[in-house]
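To keep things clear, I will list the structure first and then write my remarks on it.
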Number of protein chains: 2
Amino acid sequence: MSERKQVKVFKGLIIDTPTSNQIRFRDSFIGVENGSIIFIENTLPKEYSESDVVVLKRGEFLFPGLIDCHLHAPQYAFIGTAFGKPLLEWLEATVHNFEPKCADKNYSEKLYNQVVRKTLQNGTTTASYFGTIHTDSDIILANICEKRHQRAFIGKVNQDQMFPDNLKENADKSIQETIRFIESFKGYHFVKPIITPRFAVSCTRDLMKKLGQLAQERDVFLQTHLSESPGECDLIKSMYPECKNYTDVYEQYDCLTDKTLLAHSIHLSDEEMDVIKKHESSLIHCPNANLTMKSGFCPVKRALSKGIKMGMGTDIAGGFSASILDSMRLGLIVGNINDIVNKTEPVSLSEIIYLATNGGAHCLNMQDQIGSFEVGKKFDALRVDLNANDSPIDLFEWNGNEQMVERFILQGDSRVIKEVYVEGSLVDTSI
Amino acid sequence: MSERKQVKVFKGLIIDTPTSNQIRFRDSFIGVENGSIIFIENTLPKEYSESDVVVLKRGEFLFPGLIDCHLHAPQYAFIGTAFGKPLLEWLEATVHNFEPKCADKNYSEKLYNQVVRKTLQNGTTTASYFGTIHTDSDIILANICEKRHQRAFIGKVNQDQMFPDNLKENADKSIQETIRFIESFKGYHFVKPIITPRFAVSCTRDLMKKLGQLAQERDVFLQTHLSESPGECDLIKSMYPECKNYTDVYEQYDCLTDKTLLAHSIHLSDEEMDVIKKHESSLIHCPNANLTMKSGFCPVKRALSKGIKMGMGTDIAGGFSASILDSMRLGLIVGNINDIVNKTEPVSLSEIIYLATNGGAHCLNMQDQIGSFEVGKKFDALRVDLNANDSPIDLFEWNGNEQMVERFILQGDSRVIKEVYVEGSLVDTSI
C-alpha cells in the first residue's frame, strides 16, 4: 500500500499531439508514479480506488508542459521595450547595455529567478536558454532551473568579435570557459549544458569550428541563430565569401549536427533547408521576435514538408512575451501572413501545438521523455482550467474539446494554467 | 465643504496622446467633479487638502479609457473559435448559426451581460456595437450598457439579402424596425443608436439608400464594413457594376458622412481614401480580425497621412480578443508587416495609442468629451498598476515613463487595469 501512495491518478480530458497532424483528445484515467506515466486507460485499473483519483471538471484538461527552445535569460531585463528596431540596431540599443551587467552575480541571480518564475507561470516546463559570456552567472541560472525543477539547456554565450570589449572574450578564453562550464554540470537532474556560439557574425571562424568540434566530442547540444534579419544575412555574405550561404557557414565550421538548434531560420533557400535536414538539425520558430523586429516570416510549412525538426521559442527579449501560448498564437498568425503574402498553406492548429510540445521535444532529443502523454514518458504537464478565477475566457456550453483547445491557444494565459507539473511533481510558481 | 466631497483628486503619472505624434507624460494633480476634469496642475490648488488626494505609486498611471469602435456583441458566443477561415466562409460557419439565437431575449441578455463585463474588464469605456436584426435584443444590449456605465453606440443590424431567412428582413420591415429602435432611445445617458447596414453585400440598394438618408435625417451615426477581404471585394465588383469601387457603393447610396464608421478598410485605392476623407468618414482598424481571417493588412500610415479619422476595433468575434490592448499590439505588428511587405513606414507607438483613445473619440465625434485628459473633458480613465497582484509584468527599476507605457501596451491585460472610470464613477467590473 505504501507504493500506491506514490501514484497520482487523474481522470479527465487529456490533450496532446502525437503527430503534427493530429490533436488527440482522450477522456481517460492517467496514472503517474515516480514522475513517469504508468497507465492511460479508459477504466480505472483494479488496483486503484476511485478515492485516489483527481477528477477534472468541465473546462479542465491536461496539456503537455510547454517547451521554449529559444530565449535569452539576461534579456528579461528589457523585455517589452525597444519595439520595432531591426536586429542589428536592436542589439546595440539593448544587449550592449544590459548583458554586461551579468558580470555581477547578485544582479544575475535576481534576474534569473525572475525569468524562470515567469516562464514557469506561463507553463514552460523545458527551456533552452542563452546566458551571457559570464560563466559563473550562467552557472547560477543552471542552479536556479535545477532548484525550481524547470528542465533547461543552459548556454554560456561565445562571442569573440563584433561586440564591445565587455561582451567578448578572445577565442582561447571562450573555449576554456566553455569547457569549465560544461565540466561544472555534475549532479544535475533537470539541466544540461548547451554550447552557444551566439551567431556567425559574432564568432571568428576559429572559435566557431572549435565550439562545433567540442560539442561533438562532448556529445552536447549546440544552439545559435540562423538567417534572422535581412541586414544580418547581407553581413554574413560579405563576412564569409568562402561560403555558399548562411547555412553553409555553420556547415563548414562544424556546427550542424542532429543536436543543433537554429533559431529563427527565416530567409532560407530550399538548398539550405536540405542541408539542415541532412544533418537532422532543428529549426526554432520565434514568431513574436520576427514580427517585432521586422525580420520576416518563417516558412514553417515549407520546413515541415521537408521533414525538418521544429520547435518554438519566445526569444525573450526579441519577443516581448514570456509565454509560449503567445508564440503559438503568433505562429498561427505568421502562417496566415505566409498565406496572404506567399500563397503558402497556413500552419494548422495541430502543427502549432505540436511545435510547442512534441516537436520541441524532438528538437531536444527528449521525445521519449516529454512532449506528449504516453506510458513511459515523464509527466511534464499543465493542468489547465478555462473556468479558473479571473480567467480571460468565458467558456460557453456549446464548447466541446476542439473549442476548448482552440480557445486555450488563442485566448489563454497564465491565469488558466492552474498547476504545472515537471516529472510528476507540482512546481511552486508563486515564488 | 459639501461641494468639495464631490471632487476626486489623483496625483501621479498621467499618460495620453493629445495628437497622434505625441505621447504626453504629466506628473500632476488631476481633479474630477461631477464626472468632468476640473483641473490638471503641477501643484495642488489651494482649496484642496493633501488628505483628499489619491496618490499613485510607482508603476501606476492614469490612461484614457479605451475606445472599441467595432465589435459584434452577439458574436461573443463564438469568440476564439474558427481561426483562419476567410470572411465569407466564416460568416456561414459561425454567424449563420449563432446570430439567430438572439431572437431569444433571455439568451441575448445573458450573452450581452458577458460581453459588456469582459470589455469593461479590459478597459473599454466606449464601444460601438453591432447587435443583430432582433430589435428587442438590441434594446436589451443598450439597457445593459446604460446600467453598467459603458458608453456605447448600439446598432440594430440591417440586412435584406445574402443571409438565410432567419437572419434577414425585407427592406420595409428593416426600416420600420430601425425607426422603432432609434425612437426607443429616450432617457439614456451613456448610449446612443447607430444605424447599421451590415455591409453592401447583405443590403439591397433600396435598403442602403434609405438607411443612409435616415441617418442623415435623424442626425445619428452609421456603421458598416468596407473592403475587408479579397473575396468580398470581388463580390462587390460583380454586384455593383454601376459603382467605380467599393467605397463608391457607399457614396452612391448615401452612407458616407462625417458620422460614418467604416470597419476594416484594407484594400483601398488612394482615390477611395480621398472620397472617405472628403466626407470626413472614419476608418476603423481591426488588426486581430484581419490577421485571423487572412483579410490583409490595413494601410494605416497611408490613411493617417491623408488625415483620415481612424479608430481601433477588436471586431469580436472576427478577432479572438476582447481587449483593445491586443488590438494595439497587433496594430503595431501590422505596421511592421506593412514595412516588411510594402516598405511603408511602420505605425508608431503614439499613433497606435492615439487610434485606441483620442482617435476613436474623434471618429465618434466625442473628442470634446473623451479620449485624453483635458480640463472640461469627462473623466473616462483607467487606473493602471503594472505592479498589480498577478501582474504579467515584472517592472524593472530602470523603467521610466516611456518603458511603462510601452510595456503596458505590449504586455498588459486586464490584470493591470486596476480601476475603470466612466464619467468620474468607478465601474464595477466584477459583476
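Reckoned from all heavy atoms, side chains included, excluding hydrogens, waters and symmetry mates. Protein chains get the first letters and strands the later ones, always in sequence-line order, with residue 1 at the start of each.
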Identify which of [options] forms the greatest number of heavy-atom pairs closer than 4.5 Å to chain A.
options	value
B:G296, B:P392, B:S348	B:P392
B:D390, B:L111, B:V341, B:I337	B:I337
B:Q114, B:M293, B:K294	B:K294

Could B:K85 and B:E92 be called an ion pair, given the rule that one side-chain N must be under 4.0 Å from one carboxylate O? no

Hey, which of A:L349, A:L291, A:I409 has the most heavy atom pairs under 4.5 Å with chain B?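 The answer is A:L291.
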
Pick whichever of A:E402, A:Q121, A:K118, A:R329 has the most heavy-atom pairs under 4.5 Å with chain B. A:K118

Would you check if the side chain of A:N113 reaches a backbone N or O of A:K110 as a donor-acceptor pair within less than 3.5 Å?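 Pair absent, no side-chain N/O of A:N113 close to backbone of A:K110.
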
Counting only heavy atoms closer than 4.5 Å, note whether [X] contacts chain B via side chain, backbone, both or neither.
X	answer
A:D394	both
A:I340	side chain
A:A82	backbone
A:T292	backbone
A:L330	side chain

Would the [X] and [Y] ring centres measure less than 6.0 Å apart?
X	Y	value
B:F83	B:W90	no
B:Y76	B:Y112	no
B:F25	B:F61	no
B:W398	A:F78	no

Show, in sequence, the C-alpha distance, side-chain angles and deciding distance for B:D413 and A:R415, and conclude whether the salt bridge (charged side-chain N to carboxylate O under 4.0 Å, His left out) test is met. CA-CA 11 Å; B:D413 60 35; A:R415 284 173 283 191; 3.5 Å; yes

